[in-house]
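Since we're looking at a predicted model, the values are computed, not measured. Naming convention: chains lettered A, B, ... in sequence-line order (proteins, then strands); numbering from 1 in each chain.
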Amino acid sequence: MLRTHTCGELRAECIDQEVTLCGWVDSYRDHGGGLFVDLRDRYGKTQVVFGPESGESVLNASRALRAEFVISATGKVAHRPEGTVNDKLPTGAIEVRCSQLQILNSSLTPVVSPSQTELPGEDLRLKHRYLDLRRPEMQKTLFLRSQIVKKMRDHFEEHGFIDVETPVLGRSTPEGARDYLVPSRIHRGAVYALPQSPQLYKQILMMAGYDRYVQVARCFRDEDLRADRQPEFTQLDMEMAFVDAEDVISVIDSLVVKVAREILGLEVTLPLPRMTYDEAMERFGHDAPDLRFGMELVDCTDLAAQSEFRVFRGVADSGGKVRGMNAPGGGKHYSRKNIDELTEFVQNDFGAKGLAWFRVEDDGTLFSPIAKNFDAALLQQFSDRLQAQPGDLLLFVADVWEVTCKALYGLRRRLGAELKLYDPDTMHFSWVVEFPMFAFDEDEQQWAAMHHPFTAPRPEDLDLLDSNPGQCRAQAYDLVINGSEAGGGTIRIHDNEIQKKVFKLLGLDEAASQERFGFLLDALQYGAPPHGGIALGIDRWVMLFGKRENIRDCIAFPKTQRATDLMTDAPGKVGPKQLEELGIRIVS
RNA sequence: GGGGCCGUAGCUCAAUUGGUUAGAGUACCGGACUGUCGAUCCGGUGGUUGCGGGUUCGAGUCCCGUCGGCCUCGCCA
């Protein structure tokens, strides 16, 4: 070892020890007669002092030190003189009086300074990721990530799960997200696909008798990126045989308790709150509601139908919905101009035609440009139903049900943050259950799987597969943390006939399902046990537990929004020889 | 594919309504200083205002295009 200690561990008890530290020069203060260096590694910072007692050559050499030089410094641990103790550093009581200095490597002036308080632009941070990752904040987050994954692995091992690796090169599944494809050299014209998840492999493992499987699995989806979405991401993937939904949920419940306790020191009480999909959509307009605050959606279609306001009447009469919510304190917080911005927000982002609003005045009456279309008694009914208090802002969207959901969900999220309706430090865990099996795809004029095509219907809804697929509910469960989908799973179909029936409903005829999923249908005929599981989004867990608002801060080497790596410049072009071997021609 | 924000010194930012030689902090370079810890003090270097066009007597500022970063809708079984 080139060092005897790290830069975070020396304390007053170590006085007079001869030590050698290695690290990066975080900052230096040259006083002419003496020079101070804060030496940094991932464990902390320690002050190294150069003075006359260091000897002339060492002192002179120290004058060459600059930010991010890598050095090895040997010397005695000493008390700092009275009055110079630094309370901000855990090592602040001591310093190392350097007697031997080795410059292990120099550094250019860092583009991204690990010690700087102002955060450089994210493009620079990504391009010089080796510098950005030196920042204590990034090191803290990646350490947190490591801890979370370890807790998960421990938990599943304690529960008898076996870690099995599944292929990265697989077969393209046409449903779901767009695949990343890998051309085959040996089979010209054929391609592998990178897995969107290990879904089918883990089901096959259940059929193979590995009744408790777990894997930290990299998944790939070639779709557009978001603040919480990367093209490659990591799932804690698990599957169990001979279980029902309660068994899977229970294993995750205890994991949540463990991680919350051991990572955050937080006691989570079980059972976690549960809500059905229908209830979540009705009360919050979304299947992963943020339950840290109220501001629930309220249906006022019946009241709207009684008004003279043409927009409300028209929508109510044509089968649409008029739904609203009460933004507490919003009447005081938002100006006319702010409300115009909110209107543009719901129009541009969610396709709402407009936003109707009422400000609750000090005397409890409702002020609005459209108030004249409502008589006083009706206004009072709106006011009562939304439990309006002076200073509140009542917001309404009139449209088809789906649009009211999206627009009000978007508003609720935005206003919840802007009006500070919750403490950002709280953590809220819940389950959303009883998802529909199918959603109707208007473009394709076709039922589409809400979760995936292998999801089992609830036994009591089995008949609905034939009579009314839209009403058929799945044995599905999503883990929601602070309004974020942190995991999702289902009980799978283990019956060949039901699986065939679902494929058929999804528009896959016998030949197509045989071609794509023949291996699954085959396996289902050789003694497939009942099974189900779940996948947890590890990157999102890190975001939520680490209070990061950006998934890129939770991944060592993430992609930009345009799915490039600014450090390596991936994806890149390849030469004609490589393309020729693969039988690929670039057309445009 | 659509909507929005941003791009000025190595870095973080400023620059009035379109108007003088584009400034500040920090970093960097030189000097001073034995106790600092965002060291301090003195002096200095540093600019294709992302790129290309246009409008104008005059563009960092306005317009069009383009490149890049971010947020978002669509998309994400």
**Study point:** For C62(B), the Watson-Crick or wobble counterpart (both distances under 3.5 Å)
**Key:** G54(B)
Revision key, fill the gap. Per the under-4.0 Å heavy-atom filter, residues of residues 555-570 of chain A near RNA chain B come out as Thr560(A), Gln561(A), Arg562(A), Thr564(A), Leu566(A)
**Study point:** Strand contacts (RNA chain B) in residues 52-74 of chain A, 4.0 angstrom heavy-atom criterion
**Key:** Pro52(A), Arg66(A)
Practice item. Residues of residues 396-414 of chain A with any non-hydrogen atom less than 4.0 angstrom from an atom of RNA chain B: list those, numerically ordered, please. Key: Lys406(A)
Exercise for review: Looking at every strand, decide which applies to Leu119(A) at a 4.0 Å heavy-atom threshold: base, sugar-phosphate, or nothing.
Suggested key: sugar-phosphate
Exercise for review: Please tell me which of the listed nucleotides, U12(B), U36(B), C73(B), lies nearest to the side chain of Arg226(A)?
Suggested key: C73(B)
Check your understanding: How close or far is atom P of G74(B) from atom CG of Asp441(A), stated in whole angstroms?
Key -> 14 Å
Point to revise | Donor-acceptor pair (no angle test) under 3.5 Å: Arg229(A) side chain, C76(B) base | key: yes
Review point. Would you say the side chain of Gln47(A) and the base of U36(B) hold a donor-acceptor pair, judged only by whether the two atoms sit under 3.5 Å apart?
Key: yes
Exercise for review: For Phe50(A), answer base if it contacts any base atom (sugar-phosphate contacts may also be present), sugar-phosphate if it contacts only those atoms, and nothing otherwise; contact means non-hydrogen atoms under 4.0 Å.
Suggested key: nothing
Check your understanding: Which nucleotide in the list C37(B), C76(B), C33(B) gets nearest to the side chain of His31(A)?
Key -> C33(B)
Review point. If you take atom types as modelled and just measure distance, does the side chain of Glu344(A) reach the base of G4(B) with a donor-acceptor pair under 3.5 Å?
Key: no
Exercise for review: Scan Gly176(A) against the nucleic acid and name what it touches under 4.0 Å (heavy atoms): base, sugar-phosphate only, or nothing.
Suggested key: base
Exercise for review: Using a 4.0 Å heavy-atom cut-off across all strands, classify Pro120(A) as base, sugar-phosphate, or nothing.
Suggested key: sugar-phosphate
**Study point:** Ring-face cation of Arg414(A) near Phe345(A) (centre distance under 6.0 Å, axis angle within 45°)
**Key:** yes
Practice item. Using a 4.0 Å heavy-atom cut-off across all strands, classify Leu506(A) as base, sugar-phosphate, or nothing. Key: nothing
Exercise for review: Would you check if there is a donor-acceptor pair between the side chains of Gln199(A) and Tyr201(A) at a distance under 3.5 Å?
Suggested key: no
Review point. How would you label the contact of Gln196(A) with the nucleic acid (heavy atoms, under 4.0 Å): base, sugar-phosphate, or nothing?
Key: nothing
Practice item. Please state whether the base of C73(B) and the side chain of Asp349(A) form at least one donor-acceptor pair under 3.5 Å? Key: no
Review point. Would you say the base of C75(B) and the side-chain of Arg221(A) have a donor-acceptor pair closer than 3.5 Å?
Key: no
Practice item. Please work out if Asp30(A) contacts a base, only the sugar-phosphate, or nothing of the nucleic acid, heavy-atom cut-off 4.0 Å. Key: base
Review point. Among the nucleotides C73(B), C71(B), C29(B), which one has an atom lying closest to any side-chain atom of Ala227(A)?
Key: C71(B)
Review point. Between the side-chain atoms of Asp224(A) and the base atoms of G74(B), is any donor-acceptor pair under 3.5 Å?
Key: yes
Exercise for review: Classify the side chain of Arg552(A) and the base of C70(B) as holding, or not holding, a donor-acceptor pair under 3.5 Å.
Suggested key: no
Revision key, fill the gap. Comparing Asp38(A) with Glu118(A), nearest RNA chain B nucleotide closer to 5' gives the residue Glu118(A)
